[in-house]
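Order of the sequence lines sets the chain letters (A, B, ...), proteins ahead of strands, with each chain counted from 1. Every value quoted in this text rests on a predicted model; they were computed, and no experiment measured them.
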Number of protein chains: 2
Amino acid sequence: MSESMSLRPRRRFWGWGNLTDELLPQEQATIDGIMQLLGGASSSPPPPQESDFTLAAPLLQPPASLAPCFSNSTYDRLAHSYGKSFADVVRMWNRSVPNPPDWVAFPQDEQGVADILDWAARENIAVVPFGGGSSVCGGVEPDVGLSYRGVVSLDLERLDRVLEVDRISRCARIQAGVLGPDLEAQLRPHGLTLRHFPQSFQFSSLGGWIVTRAGGHYATLYTHIDEFVQSVRMVTPQGMLETRRLPGSGAGPDPNRLVSGSEGVLGIVTEAWMRLQDRPTYRASAAVLFHTFDAASTCLRALAQSGLNPTNCRLLDSAEVAFAGVGDRSSPMIVLGFESADHALGPWMERALELVRDHGGQYDPQAVARSMQAAEADDAGEHRKGAAGEWRDAFIRMPYWRDPMTGRGAVLDTFETAITWDHFADFYAGVKREMQEVLRRVTGRAAAVSCRITHVYPDGPAPYFTYATLGTDKNDLASSLAVWREIKLASIDVVTRLGGTVTHHHAVGRDHRSGYERESSPLYRAALAAAKQSLDPRGILNPGVLIDPVDRVVGITGAVGPFPAA
Amino acid sequence: MSESMSLRPRRRFWGWGNLTDELLPQEQATIDGIMQLLGGASSSPPPPQESDFTLAAPLLQPPASLAPCFSNSTYDRLAHSYGKSFADVVRMWNRSVPNPPDWVAFPQDEQGVADILDWAARENIAVVPFGGGSSVCGGVEPDVGLSYRGVVSLDLERLDRVLEVDRISRCARIQAGVLGPDLEAQLRPHGLTLRHFPQSFQFSSLGGWIVTRAGGHYATLYTHIDEFVQSVRMVTPQGMLETRRLPGSGAGPDPNRLVSGSEGVLGIVTEAWMRLQDRPTYRASAAVLFHTFDAASTCLRALAQSGLNPTNCRLLDSAEVAFAGVGDRSSPMIVLGFESADHALGPWMERALELVRDHGGQYDPQAVARSMQAAEADDAGEHRKGAAGEWRDAFIRMPYWRDPMTGRGAVLDTFETAITWDHFADFYAGVKREMQEVLRRVTGRAAAVSCRITHVYPDGPAPYFTYATLGTDKNDLASSLAVWREIKLASIDVVTRLGGTVTHHHAVGRDHRSGYERESSPLYRAALAAAKQSLDPRGILNPGVLIDPVDRVVGITGAVGPFPAA
């Protein structure tokens, strides 16, 4: 194994998790069971090894002043060649890495980031910002085409500290490269928490959350990370863009909202003042079962519009309940949770359960009562007991299951969106029907499409769909990639054609650009491209992601498709 | 009185309110009392009349196809020459209107707006979008300099309908020109309300709220109008920019947030899908008195960070309590209110009052109990009874008092900002001290500066300062303008130097540009200017407001000052 300049525990370069993470025996059995149902290979081929790959030596060299933070080890280049989407994993299983970064840079500090951008702009080198690398939409892939001298993946892992804590305003100034658990560990002594828990929590960074507008669990009311951004510092090729620390302002369009969601094309966020919360000490949760999905989703809407603002408010359809293997029934289930650092939650939960009963929901009152006996909770803040806890464990572990299944010929993925309530019933039925048709057409066999609603707003839900099927030839993973691509393009088409957004919290990256171009106004994209032009006139930042620079033809094959033709 | 093409009740062109609005005898007595205290003139000179003004005839003519919606009547031109700031009113008292619009356009519909922009861009004519005209920062003043052939004020009053209601998602598609009361009247039959109640509610428009990022009463949690914008349609000189109706999205920087706060320089918002609420049926309110401002503000912070999200949560310092003439004591007061359409608010109010007592606050428990006996309430949703109601009445009426006082030589104004809690105590003391020094230096006499906190966030308050003094020569209102300008520039300097924002909800306009340039990043303004360049390449939209176009020198004298030298 070649040397890495990363100071973090060694991660699996080809998939999810650390090298030392292992599946539990029970998980292995579940996977075997699913693979048997799907009809896939009964065992896995050998997973990718570094020695399977021969990467072309980079032609360009960093200047001596920057060289100490540059790596071109095979491991570092492989680990920065893809994010963690299904397409990324299956391409690794296929030993297909046509576009590794020439170098991976690990700057020590903000000045280091600025120095790298200066050099890159001067030398016409593309720069791909890299936080935790958990992108599932091609957001960190250094496939920048032929119009650059080369490409550097810029890894922010060394900017990983909480620099300042303002206990009075409940805020902290935090470097952008810090990963979720490390961030929470640094905040804990102050009694504070960001409480931003995306599924990728362990392996995603503050800066990545900001530029992709991430959404977490326990995120009703404050759903996207945007709400927590008080101010940012962003290094651009033209210099530093810093916003003022303010609780609110009406001075012009909010500058933080231009940075949020900019996906590394406008600059590199190096630090942010983030709004925090007191660590919750009161909790209440309930798992509620319904006879029909319609009753459950109507109840979910009532909860979302009640003003009670349950911290957690999710709906799993029956296929999802079955897929996640939680509970012993396959009824649609709402997972409901309240949290507070200030007050006991009895009245809140009582009113919520009144709404639940009005809509025919069933729950175990004793389990609800037990949930209110506050206990020290883990970082993701939920009791592990009961159906809600079981479901959550499965949720966090799911990416670990995907990778070995991919190696055995499975094609499985998720896609997420948001839609207003008035269109939801038709949308849900339409997406399920159309995607089941697509799955049948592409693979020649039936496959279920399950749905959970991961976030709710008063004006609409954010549904999250999951499917699992097989490639057309289980012994040839290239077929997995082709099948996935067909399904992916179809899902983008269906979701945006039926009125949803191409992404509620996974970002646009490269994979979602066709949908982004459908749902967004060409004039808005032109304005964004003009803003990019003013901050990144040479167009070196994350080419191919989100938008094209105004006057630069980026020679990538995959600009509007999910990735270059395999 | 010359003809007007406006279909609305005739407004006072030189100040606040409709022509038929009158002061109550009690108000007149209060004003006389204040003027006596200040030492101003004992009676008012004759207020401005149309016949006092002779406006130069416009040289340019609209094309025949547009002419039917164009007016050049003296009244219409005067009524569109200024907003409603102190400087605007005093200039009217001085009969000083050097920059009236050449024409006022009243397009019938969105196509009419687009046609006017097409013509204006072709002919190099500046266009100033005009909603309710209640700007207090020079946002609608047609002072565009010498590089245009002329200037048209584009009044959106005829775009005043609710076009579509989605009861399921609690949203409506609404035209941008509708004023507050008319909007609420159209929503009421559906049981819905926007619940956005700025002080200017009667005379400001939805489009104006959006492009200035307005803030309302009853606006904790959802403070700025931004939060309610689900999608917009904005006509630009390059065509229509429309955003997709979504409850949330993670696809790129939020396009609605570029429109919000754009102050008419990027395009003209013609309609928006807005998030609404059920009309509240449960209420609870309390007026709480404190011995010290420090105790009151610490309590306010505890309330803001409690997660209880009281709909109304304001603090009046003792000078403000005295100034507003509410209650019979001059102790700092917190006005606290909860509202819900879903649940009785006993537990919420109980916990809030626990916090209040922890901080030494005193209140009348019987008044609180009475407040919970829900009653049909008015559009601004508050009981009229008690100190909180008294205060609110005074608040809504204040602009009416200002105008006659201005005529009698008073100089009175407000300025508002926001700051994080960690800096608040020093900020509050510093602003009061420095501004009292400024008032003494400029006018040669002492004057009080009072403060209320109009909005709170978990991470900081939005304080709002008020002062009243006299010009240096009460018989020469030109001195009022000079005095005001000194004070205004000083307040901008103090507020932004001490870490606040130049405006929490009044917008930047022309008057706040020096502060905006201090608090915002030059690179962000460059990005914004580039975005403008892409949407408005000729730079015809609202020149002089917010930012300068990239490559157009706008020949105005007041570009970074509050207004052109008198």
Under 3.5 Å, is there a donor on one side chain and an acceptor on the other for A/N309 and A/T220? no
List in chain and number order the residues that pass salt bridge (Lys or Arg N to Asp or Glu O under 4.0 Å) with A/R173, two or more places apart in sequence or in another chain; answer none if no residue qualifies. A/E164, A/E271
With a 4.5 angstrom heavy-atom cut-off, could you sort out which part of [X] is near chain B: side chain, backbone, both or neither?
X	value
A/Y222	side chain
A/T236	side chain
A/E416	neither
A/T496	both
A/A251	both
A/I419	backbone
A/T243	neither
A/P522	neither
A/L221	side chain
A/T223	neither
A/L546	side chain

Do the ring centers of B/H506 and B/H512 come within less than 6.0 Å of each other? no
Is chain A contacted by the side chain of [X], its backbone, both, or neither, given a heavy-atom distance below 4.5 Å?
X	result
B/R301	side chain
B/L276	neither
B/D422	both
B/R233	neither
B/H504	both
B/M240	backbone
B/E242	backbone

Tell me, do A/L258 and A/L528 make a side-chain contact under 4.5 Å, heavy atoms counted? yes
Spatial distance of atom CD1 (B/I492) from atom OH (B/Y516) [nearest 0.5 Å]: 14.0 Å
So CZ of B/F228 and CZ of B/R170: to nearest 0.5 Å the spacing works out to 10.0 Å
Just give me the residue among B/Y457, B/W421, B/Y524 that pairs up with chain A most often, heavy atom to heavy atom, under 4.5 Å. B/Y524
Max heavy-atom pairs within cutoff under 4.5 Å with chain A, candidates B/L523, B/T501, B/L535, goes to B/L523
Going through the distances and angles, do A/D278 and A/R167 end up as a salt bridge (charged side-chain N to carboxylate O under 4.0 Å, His left out)? CA-CA 10 Å; A/D278 291 313; A/R167 190 66 188 78; 2.8 Å; yes
Partners passing side-chain contact (heavy atoms from CB on, under 4.5 Å) against A/R257 (at least two apart in sequence or in another chain): A/D226, A/E227, A/D254, B/R257
